[in-house]
Student: 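Below are the structure tokens for one structure; questions will follow.
Here is how names work: the chains are called A, B, and so on, in the same order as the sequence lines, proteins then strands, and each is numbered from 1. This one's a predicted model, so the numbers in the text were calculated from it and none came from an experiment.
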Amino acid sequence: MGKKLKKQYSGTILDVFYENNEKNESIINICINNGKVKQIIEDPYFKPYFYVEAGNEKKFEKALEDNKNLFLSYEKQKKQEKNFIYKLYFKNTTQLMEMRSEIKNLDSFVAKHDYDIPFDQRYIIDKQITPLSHYLITSKEGLEFEEKETDFVPLCCAVDIETTSDNKDMLKNEIISIAIYSEKIKIILSYRDTKENNNDLEVCKDEKEMIERALEILNNFDFIFTYNGDNFDIPVICNRAKEFDIDMGIYLKPKIRKSSMGKISYTAGIQHIDVYKIIAYLARVGSISLNKLDLTTAYETLLEKDKIDIEYTEIPELWENIEKRNRLFEYNLDDSKATYELGEKYLLTFTELSKMIHRTVQDTIRLPTSNMIESIIMYYYAKEKKFIPKKPIGDIVGDREEITYVGGYVKQPEPNIYENIAVIDFRSLHPSIIITHNISPETLNVPGKKCVLSPTKDKFNLEVKAIIPGIIKEILDKRIKVKTEMHKADKNKQDVLFARQWSLKRLLASFYGYLAYPRARWYCLECARSTVAYSQEYIKMVCEQAEKNALKVIYSDTDSAFLIYRKQSEVETFLKKINSTLPGEIKLTLDGYYKRGLFVAKKSENVGAKKRYALIDFEGNLKIVGFEFVRRDWSNVAKSLQKEVLEIILKEGNLEKAIKKIRETIALLVAHKVKKEDLVLSSKITKPLNKYNNISPHVSAARKAERRGVLMKPGTLVNYIITKNGISISERAELEQFVKDNSYDEEYYINNQVLPAVIPLVEQLGFTKEKLIESTKQQRLF
DNA sequence: TAATTCGCTAGACCGA
DNA sequence: TCGGTCTAGCGAA
């Protein structure tokens with residue numbers, strides 16, 4: 001199958017990958033879905049390659065002739081300046097890798113290019129294709145792709161397995177049940193029955209038959225969701241299939257890669273979407289906020305639904321006992337259901353991203369931001385047939401890491417309560433600057449007539465046509481278009497358009513940071529520092545002009561300014577006026593009008609705090625920025641009180657009421673009536689526990705937990721409570737699960753959580769901590 | 001391994 | 001025990 005000699009194919013590209021065939025040649029495989037069935041097409045004409053620059057034509061060709069065993073063939077390219085360019089083809093990727101270290105020994109060798117591009121990605125960018133797009137594919141000598149307009153809706157299901165735990169190596173354990181959940185199919189496969197009737201259960205003869213049946217079902221889908229399937233479900237299925245000598249089928253061939261971050265389990269053809277990776281990505285970029293990243297927490301907080309939860313330790317008992325077994329199966333199916341619903345909710349964002357960065361979906365969900373940006377640029381470089389800069393390694397990265405530069409401008413506010421605030425900001429400021437001032441490694445220090453010095457005295461050539469600003473312009477224009485479409489679109493189309501504009505926004509916002517990223521292929525410190533220096537100039541100019549136009553500037557951060565206005569029309573006039581003077585893509589816009597705003601003093605000095613404020617608009621919506629309320633390392637008891645107090649201050653300005661609220665919370669704490677979950681502080685372990693110079697509370701709690709057998713590795717969120725057992729706060733910190741209800745240290749929560757969260761707020765109404773202490777009966781507590 | 005700098009705050013740590 | 005300094009984490013943009 002899949003090797004049928006057919007001249008034309010039509011379908012949506014699901015996957016592009018390569019495999020070494022029986023002749024040990026690396027062959028590109030493309031998996032398409034033609035609307036009815038999936039199909040794998042090979043392109044044996046596309047070979048791994050890289051370019052070599054040689055100083056002397058004759059000498060180099062002789063050297064190639066003498067080393068014929070090191071490569072397959074070569075093509076001479078157009079001469080560049082004084083050097084000769086050769087394109088060397090290889091039988092497989094291993095041979096390419098050997099040659100790229102050997103090549104420097106060949107006579108007359110000068111340089112090598114494009115030798116560190118993954119083969120499958122090389123194919124995508126050379127053929128200029130987009131995964132998840134529909135193509136008419138013609139097979140001549142190699143494949144040719146012609147894009148067609150078709151809406152593709154992938155068929156998705158979620159799979160979840162349960163295993164025994166007899167084996168030390170979790171991945172070698174027997175599978176006891178497999179649940180598959182999709183829009184149409186809900187099924188639990190096992191080889192033991194239950195006492196009560198379960199319509200979703202299909203009892204197989206044995207484990208082997210169960211796995212075969214599962215694979216048969218899974219093979220019908222385009223995308224398979226798992227939750228942590230990279231590290232667990234896929235490797236386990238794979239191990240067991242091997243054990244029973246089961247063929248996984250051509251669309252579900254796992255390729256498991258080990259990395260320092262754990263395993264990555266790709267499946268050829270069918271896209272394995274590890275939903276955990278999606279959740280982790282969204283948490284990392286700050287678009288969702290979770291205390292834990294496990295399935296139960298994600299499902300319950302993001303979808304606000306309940307899920308069956310059982311402890312792993314219960315599984316053997318449930319499995320052995322026919323009376324209880326059904327519970328295990330229901331749990332299994334519920335996990336796959338939760339995985340499915342989470343996958344469905346967030347998939348669109350990643351299919352949209354996938355198309356923009358020209359990577360398969362299973363790549364996209366596992367890619368760091370820098371690689372997404374790099375993928376886009378590589379695609380456009382390949383289009384222009386330009387060499388792709390090599391990945392920096394070793395000292396180059398180290399040296400780059402040493403260098404710092406000045407960032408955005410932040411104006412210090414006067415602590416106060418303000419009325420009638422207009423917030424204005426630049427639309428996509430950094431991208432706009434890069435476009436307008438043609439900032440790019442491609443234009444830096446290129447001699448010419450129209451060279452301009454940036455505020456950091458770096459020289460950019462305005463005449464040179466540069467790819468990177470060009471890409472950013474395309475994305476910016478596209479986003480503006482998608483956003484207008486979105487506002488006009490009917491409901492069912494709106495989700496797609498929202499996901500599209502969200503993805504475009506994320507990409508846009510990442511280009512500037514990418515340029516200063518030490519491991520970037522297109523690293524350009526001069527570009528990054530110039531971009532941000534321009535941003536300082538622009539926002540300072542706006543602040544200055546606002547003051548001249550009788551709009552008092554109370555605060556400003558990077559690309560925004562907060563103005564006190566009398567009439568909204570003044571603000572609109574001001575915007576028009578400024579916009580008429582701004583060059584290129586730079587555009588100042590209105591973010592919104594706010595009825596009232598609170599800026600507080602810093603705790604250490606008596607000046608206004610930057611990056612912390614609260615606003616209320618004319619509809620009564622609160623916007624809280626930077627305060628403890630938005631931080632996960634503060635307790636709910638302090639955070640929710642802070643929000644209430646902010647609301648009272650901004651809505652009513654009622655000091656008495658605010659003080660009353662504070663006293664009520666303190667009383668609850670004293671009476672030990674606050675629920676455990678509202679006392680939890682949450683901080684992340686960022687390095688191995690023995691590498692800390694300072695043992696802060698969360699590290700201390702983690703160390704103690706580790707001694708009790710809880711795994712605490714970098715990346716773990718430590719949820720802890722401050723108890724009364726010990727002297728220092730660190731000593732008193734214990735993991736939430738080890739703290740009995742009501743055995744918390746109320747003094748800590750009053751003095752170190754509640755009061756610090758609200759005192760700076762009421763101080764703006766003329767109240768002081770001393771007054772609060774004086775007038776409170778619980779004096780001994782302070 | 002995972003785009004950048006700016007900024008706030010807590011709590012440990014350390015020496016007087 | 002105090003106050004200054006440093007480490008660490010998280011958020012804003």
Student: Which part of the nucleic acid does A:Trp522 contact within heavy-atom distance under 4.0 Å: base, sugar-phosphate only, or nothing?
Tutor: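 No contact.
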Student: Would you say B:dA3 has OP1 or OP2 under 4.0 Å from some side-chain N or O of A:Ser370?
Tutor: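 For B:dA3, OP1 or OP2 has a side-chain N or O of A:Ser370 closer than 4.0 Å.
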Student: With sequence neighbours left out, write down each residue that passes ring-ring contact (aromatic ring centres under 6.0 Å, His included) with A:His272, or none if nothing qualifies.
Tutor: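 Here no residue qualifies.
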Student: What's A:Lys277 touching, base or sugar-phosphate or nothing? Going by heavy atoms closer than 4.0 Å.
Tutor: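 Touches nothing.
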Student: So what does A:His430 hit on the nucleic acid, given a heavy-atom distance under 4.0 Å: a base, only sugar-phosphate, or nothing?
Tutor: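 Since no nucleic acid heavy atom lies under 4.0 Å of A:His430, the category is nothing.
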Student: Phosphate oxygens OP1/OP2 of B:dT5: is one of them under 4.0 Å from a side-chain N or O of A:Tyr517?
Tutor: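 Indeed not, no polar side-chain atom of A:Tyr517 lies that close.
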Student: When you measure from the side-chain N and O atoms of A:Lys687 to the phosphate of C:dA8, is any distance below 4.0 Å, counting only OP1 and OP2?
Tutor: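 Answer yes for this pair, as a side-chain N or O of A:Lys687 is under 4.0 Å from OP1 or OP2.
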Student: Does OP1 or OP2 of B:dA3 have a side-chain N or O of A:Thr369 closer than 4.0 Å?
Tutor: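 Answer yes for this pair, as a side-chain N or O of A:Thr369 is under 4.0 Å from OP1 or OP2.
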Student: Identify whether NZ of Lys or CZ of Arg in A:Lys687 sits under 6.0 Å from the centre of the six-membered ring of A:Tyr692 and within 45° of that ring's axis.
Tutor: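 Satisfied, under 6.0 Å and within 45°.
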Student: Both conditions, 6.0 Å and 45 degrees, for the charged tip of A:Arg521 above the ring of A:Tyr514: are they met here?
Tutor: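 No, A:Arg521 and A:Tyr514 do not form such a contact.
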Student: Would you mind telling me which residue lines up with the more 5' stretch of DNA chain B, A:Ala601 or A:Tyr512, judged by nearest nucleotide?
Tutor: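 The residue whose closest nucleotide sits nearer the 5' end is A:Tyr512.
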Student: Which part of the nucleic acid, if any, lies within reach of A:Ser730 when heavy atoms closer than 4.0 Å are counted: base, sugar-phosphate only, or nothing?
Tutor: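 Sugar-phosphate, no base atom in range.
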Student: Should A:Ser696 be listed as having a side-chain N or O under 4.0 Å from OP1 or OP2 of B:dA12?
Tutor: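 For B:dA12, OP1/OP2 do not have a side-chain N/O of A:Ser696 under 4.0 Å.
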Student: Considering every strand and a 4.0 Å limit on heavy-atom distances, what is the contact class for A:Val699: base, sugar-phosphate, or nothing?
Tutor: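 If one applies the 4.0 Å heavy-atom cut-off, A:Val699 turns out to touch nothing in the nucleic acid.
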Student: Using a heavy-atom cut-off of under 4.0 Å over every strand shown, decide if A:Tyr692 touches base, sugar-phosphate, or nothing.
Tutor: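 Counting heavy atoms under 4.0 Å across all strands, the contact made by A:Tyr692 is with sugar-phosphate only.
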Student: Can you confirm if the NZ or CZ of A:Lys540 lies within 45° of the ring axis of A:Tyr409 and under 6.0 Å from the centre of its six-membered ring?
Tutor: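 Yes, A:Lys540 and A:Tyr409 form such a contact.
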